[in-house]
K.L.:
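Got a structure for you, written out below as structure tokens; questions coming shortly.
The figures that follow rest on heavy atoms only: side chains count, while hydrogens, waters and symmetry mates do not. Per chain, numbering begins at 1; letters A, B, ... match sequence-line order.
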Amino acid sequence: MQKEQVISTLKHIATLMELKGENSFKIRAFHNACRALEAETESLDIIVKENRLTNIKGIGEGIAKKIVEMVVDNKSTWLEDLQNEVPKDLVKMLGIPGLGSKKIRTMYKELGISTLQDLKQACLDSKIEVLPKFGKKIQENILSGIETLNKHAGKYLFSFAHIESQKIMAYMRECNCIDKLEIAGSLRRRKEITKDIDMLVVASDSETVMQHFVSYPQVEKIIGHGQKKSSIQLRKGLQVDLRVVEEHQFAFALMYFTGSKEHNTQMRSIAKKRGLKLNEYGLFNDKEESSTCSSEEDVFLSLGLQYVIPELRENLGEIELAQKNELPQLISQQDLKGIFHMHTEYSDGKNTVREMAEKAQEMGYKYIGITDHSQSLTVAGGMKPNEVKKQFAEIDALNEEFDSFRIFKGVESDILADGSLDYDEDLLAQFDFIIGSIHGNFKMSEAEMTKRVITAIENPYLTMIGHPTGRLLLKREPYAINMTEVIHAAAENNVVVEINAHPFRLDLDWRWGKLAAEKNLLTSINPDSHIAEGFDDIYYGIGIARKAWFNAERVINTWKIEQVEKFFAKK
DNA sequence: GCCGTTTTCGGCCCGACTGTTTTCAGTCG
């Protein structure tokens with residue numbers, strides 16, 4: 001098993017143990033072990049081979065043994081045993097709001113409910129409401145929860161949640177007793193997938209704010225309605241949580257509700273080591289007096305830490321760096337000087353080369369790189385060699401015409417099944433730069449796919465790897481590929497690995513950021529636009545690049561035109 | 001199950017809300 005599989009297996013084991021009613025701290029230990037593995041950049045194979053698993057903080061004898069079995073024998077007897085004990089629908093029931101492991105277990109033990117079908121029937125037969133600690137209300141909630149489960153997957157793209165959050169923020173601002181209003185949660189951390197929108201408010205009159213909130217016209221259901229905390233579900237499915245705090249609590253609350261949970265847990269334990277208590281209301285000493293902090297920066301400072309921007313708060317090593325004052329200066333949108341990876345009417349894009357160039361100039365960019373599809377991708381109208389020549393001539397003419405703006409001649413070449421690029425060498429040599437992407441033959445083994453991509457990386461004509469895992473968020477799984485090896489190879493061959501900014505891709509995944517930083521990997525934040533307006537997607541790519549610890553120097557489309565030309569010329 | 005500037009046992013983050021209760025367990029974030 002690869003690291004990602006090991007992690008998901010451990011998480012699955014933790015869930016099943018929870019449903020079995022194991023000690024909650026034992027379960028937490030499994031989650032901690034997962035985090036430790038996620039943050040580990042060294043190859044898991046090597047760590048296992050050299051018997052160094054227990055050197056990782058969070059992994060002890062017990063879990064190490066299970067991991068070794070997964071890596072060496074490619075299976076987990078422990079998981080298999082648990083799966084035999086716990087019916088798999090019980091896991092699905094955890095997705096029903098209001099149902100946790102305890103309630104699910106009670107229903108299973110008392111009534112033998114092991115499938116969603118059973119559960120629905122038991123609700124309809126009023127068998128649930130008579131169980132101890134259950135009641136009519138809970139039974140109703142379960143029934144409507146099953147409906148929601150079927151209707152909405154409960155996960156949403158960042159781009160979708162971002163747009164919805166802008167709408168509800170605008171609505172909330174209509175309430176005139178609000179002093180401060182901020183988005184928190186995973187949305188503020190710019191995570192690619194989100195479950196809900198978290199909002200934080202400072203207000204003179206919390207009751208009015210809450211009433212305004214639950215009266216939002218797009219509400220499907222009010223999940224909770226209290227003085228300090230309320231939750232609604234929108235018709236489009238996603239949940240919105242609102243918290244109201246007092247002015248002097250705001251910085252602490254913002255930090256707390258931004259998360260991540262894992263980051264917060266570690267922050268609290270740092271506070272605890274200093275004899276302090278950190279929660280959403282303040283940073284308290286043993287006399288219950290809180291420090292005064294008017295900003296998040298102050299809170300971090302009070303704990304002896306450099307300020308950690310929200311995107312980094314995933315407990316993947318950022319706190320350790322903050323302690324040493326070594327956090328990177330991250331890229332921001334203003335750093336960008338040009339854009340690569342876009343399609344025109346020469347393949348499957350909507351606009352002409354000129355239109356793309358003019359749009360980019362309007363937005364203040366100094367250069368673009370046109371990359372239509374190559375000949376093998378016939379479904380997307382890939383360019384035949386004669387069309388490439390025609391496009392070259394058009395680009396040359398436009399470059400003559402434009403002042404202090406350059407169009408680079410590029411291509412998004414298919415990486416063919418054997419790892420070769422799509423045109424003959426003669427033509428490849430004439431492009432300024434080449435992006436290599438996989439668009440077919442997805443179903444190779446991991447070893448074959450990795451070899452295919454590395455062969456392309458070693459090709460002297462290749463400048464950049466496009467959407468390295470081929471994933472489509474919430475739609476299509478990534479193809480099997482060993483990203484550790486790909487990143488090593490790309491860094492060694494001076495090949496750029498793009499961050500595809502399309503909201504469905506966001507690929508390279510930010511979780512590779514730590515390894516990428518260690519290897520000094522270059523990236524480029526690419527919109528993969530098929531229409532001029534698609535340049536706006538860059539916003540999503542910036543968020544991912546920041547999550548992935550990229551400073552501006554390692555992102556080639558922040559470079560000046562001369563530096564880009566020099567870099568391309570070397571290939 | 002893991003860990004140790006409370007170090008081999010005992011603690012592991014903590015508060016709001018709900019629905020069931022009549023003081024609290026369970027869920028959620």
K.L.:
Can you identify which nucleotide, out of B/dT20, B/dG1, B/dC14, has its nearest atom closest to the A/Ala29 side chain?
P.N.:
B/dG1

K.L.:
Would you kindly give the CD1-to-C1' distance between A/Ile223 and B/dT18, to the nearest whole Å?
P.N.:
12 Å

K.L.:
Under the ring pair (Phe, Tyr, Trp, His ring centres under 6.0 Å) rule, what do A/Tyr539 and A/His162 come out as? Steps first, then yes or no, please.
P.N.:
CA-CA 11 Å; A/Tyr539 172 79; A/His162 173 67; 5.0 Å; yes

K.L.:
What integer distance in Å separates A/Lys228:NZ from B/dT18:P?
P.N.:
14 Å

K.L.:
With nearest nucleotide decided by heavy atoms, which residue, A/Gly224 or A/Lys273, maps closer to the 5′ end of DNA chain B?
P.N.:
A/Lys273

K.L.:
Just compare B/dG29, B/dG19, B/dC12 and give me whichever is closest to any side-chain atom of A/Ile138.
P.N.:
B/dG19

K.L.:
What's the gap between B/dT18 and B/dC12 when it is taken at their P atoms, as a whole Å value?
P.N.:
28 Å

K.L.:
Would you say A/Lys261 places a side-chain N or O within less than 4.0 Å of OP1 or OP2 belonging to B/dC14?
P.N.:
no

K.L.:
A/Asn279 side chain N/O closer than 4.0 Å to the phosphate oxygens (OP1, OP2) of B/dG15?
P.N.:
yes

K.L.:
Does any donor atom in the side chain of A/Thr194 or A/Ser186 lie under 3.5 Å from an acceptor atom in the other side chain?
P.N.:
yes

K.L.:
For B/dT8, give the paired nucleotide (Watson-Crick: N1-N3 plus N6-O4 or O6-N4; G-U: N1-O2 and O6-N3; both under 3.5 Å), or none.
P.N.:
none

K.L.:
Please determine which of A/Glu314, A/Glu311, A/Glu318, A/Glu192 meets the salt bridge (charged side-chain N to carboxylate O under 4.0 Å, His left out) test together with A/Lys547.
P.N.:
A/Glu314

K.L.:
Rounded to whole angstrom units, what separation is found between the CZ atom of A/Phe213 and the P atom of B/dA16?
P.N.:
18 Å

K.L.:
Could you tell me how far B/dA16 sits from B/dG11 if I compare only their C1' atoms? Round to whole Å.
P.N.:
24 Å

K.L.:
Return the value, rounded to whole Å, for the distance between atom NE2 of A/His31 and atom P of B/dG1.
P.N.:
15 Å

K.L.:
Does B/dG15 have OP1 or OP2 under 4.0 Å away from a side-chain N or O of A/Lys277?
P.N.:
yes

K.L.:
Using 30° and 60° as the class boundaries, would you call the ring planes of A/Trp78 and A/Phe30 parallel, tilted or perpendicular?
P.N.:
tilted

K.L.:
Should A/Val201 and A/Leu242 count as side-chain neighbours, where that means a heavy-atom distance under 4.5 Å?
P.N.:
yes

K.L.:
Between B/dG29 atom C1' and A/Asp198 atom CG, what is the distance in whole Å?
P.N.:
8 Å

K.L.:
Say you pick atom P in B/dT21 and the same atom in B/dT27; how far apart are they, in whole Å?
P.N.:
15 Å

K.L.:
Between A/Asp125 and A/Gln121, do the side chains contain a donor N or O and an acceptor N or O under 3.5 Å apart?
P.N.:
yes

K.L.:
Taking the nucleotide of DNA chain B with the nearest heavy atom to each, does A/Pro132 or A/Lys66 sit closer to the 5' end?
P.N.:
A/Lys66

K.L.:
So, is A/Tyr281 near the phosphate of B/dA16, with a side-chain N or O under 4.0 Å from OP1 or OP2?
P.N.:
yes

K.L.:
Is the A/Tyr171 ring parallel, tilted or perpendicular to the A/Tyr216 ring (thresholds 30°, 60°)?
P.N.:
tilted

K.L.:
Summarise protein proximity over nucleotides 23-28 of chain B in one line of letters, 5' to 3': B for base, S for sugar-phosphate only, - for none, counting protein heavy atoms closer than 4.0 Å.
P.N.:
---SSS

K.L.:
Tell me: CE of A/Met267 to C1' of B/dC12, nearest whole Å?
P.N.:
19 Å

K.L.:
I want to check one thing: is the phosphate of B/dG29, taken as OP1 and OP2, less than 4.0 Å away from some side-chain N or O of A/Lys195?
P.N.:
yes

K.L.:
Could you tell me whether the side chains of A/Gln2 and A/Glu446 share a donor-acceptor contact shorter than 3.5 Å?
P.N.:
yes

K.L.:
I want to verify a distance call: between B/dG19, B/dC12, B/dC14, whose nearest atom is closest to the A/Lys137 side chain?
P.N.:
B/dG19

K.L.:
With a 4.0 Å cut-off on heavy atoms, is A/Lys136 in touch with a base, just the backbone sugar-phosphate, or nothing at all?
P.N.:
sugar-phosphate

K.L.:
Starting from P on B/dC14, measure out to CZ on A/Phe25 and report it in whole angstrom.
P.N.:
10 Å

K.L.:
With no angle test and no hydrogens, is the base of B/dG29 tied to the side chain of A/Tyr256 by a donor-acceptor pair under 3.5 Å?
P.N.:
yes

K.L.:
Specify the separation, in whole Å, of atom CG of A/Leu82 and atom C1' of B/dG1.
P.N.:
14 Å

K.L.:
Using the C1' atom in both, what is the distance from B/dC17 to B/dC9, to the nearest Å?
P.N.:
35 Å

K.L.:
Which part of the nucleic acid, if any, lies within contact of A/Asn141, taking any heavy atom under 4.0 Å across all strands shown: a base, the sugar-phosphate backbone alone, or nothing?
P.N.:
sugar-phosphate

K.L.:
Less than 3.5 Å apart, any donor N or O on the side chain of A/Gln83 or A/Asp81 sitting next to an acceptor on the other?
P.N.:
no

K.L.:
Using atom C1' of each nucleotide, how far apart are B/dT8 and B/dC2 to the nearest Å?
P.N.:
12 Å

K.L.:
How would you label the contact of A/Glu61 with the nucleic acid (heavy atoms, under 4.0 Å): base, sugar-phosphate, or nothing?
P.N.:
sugar-phosphate

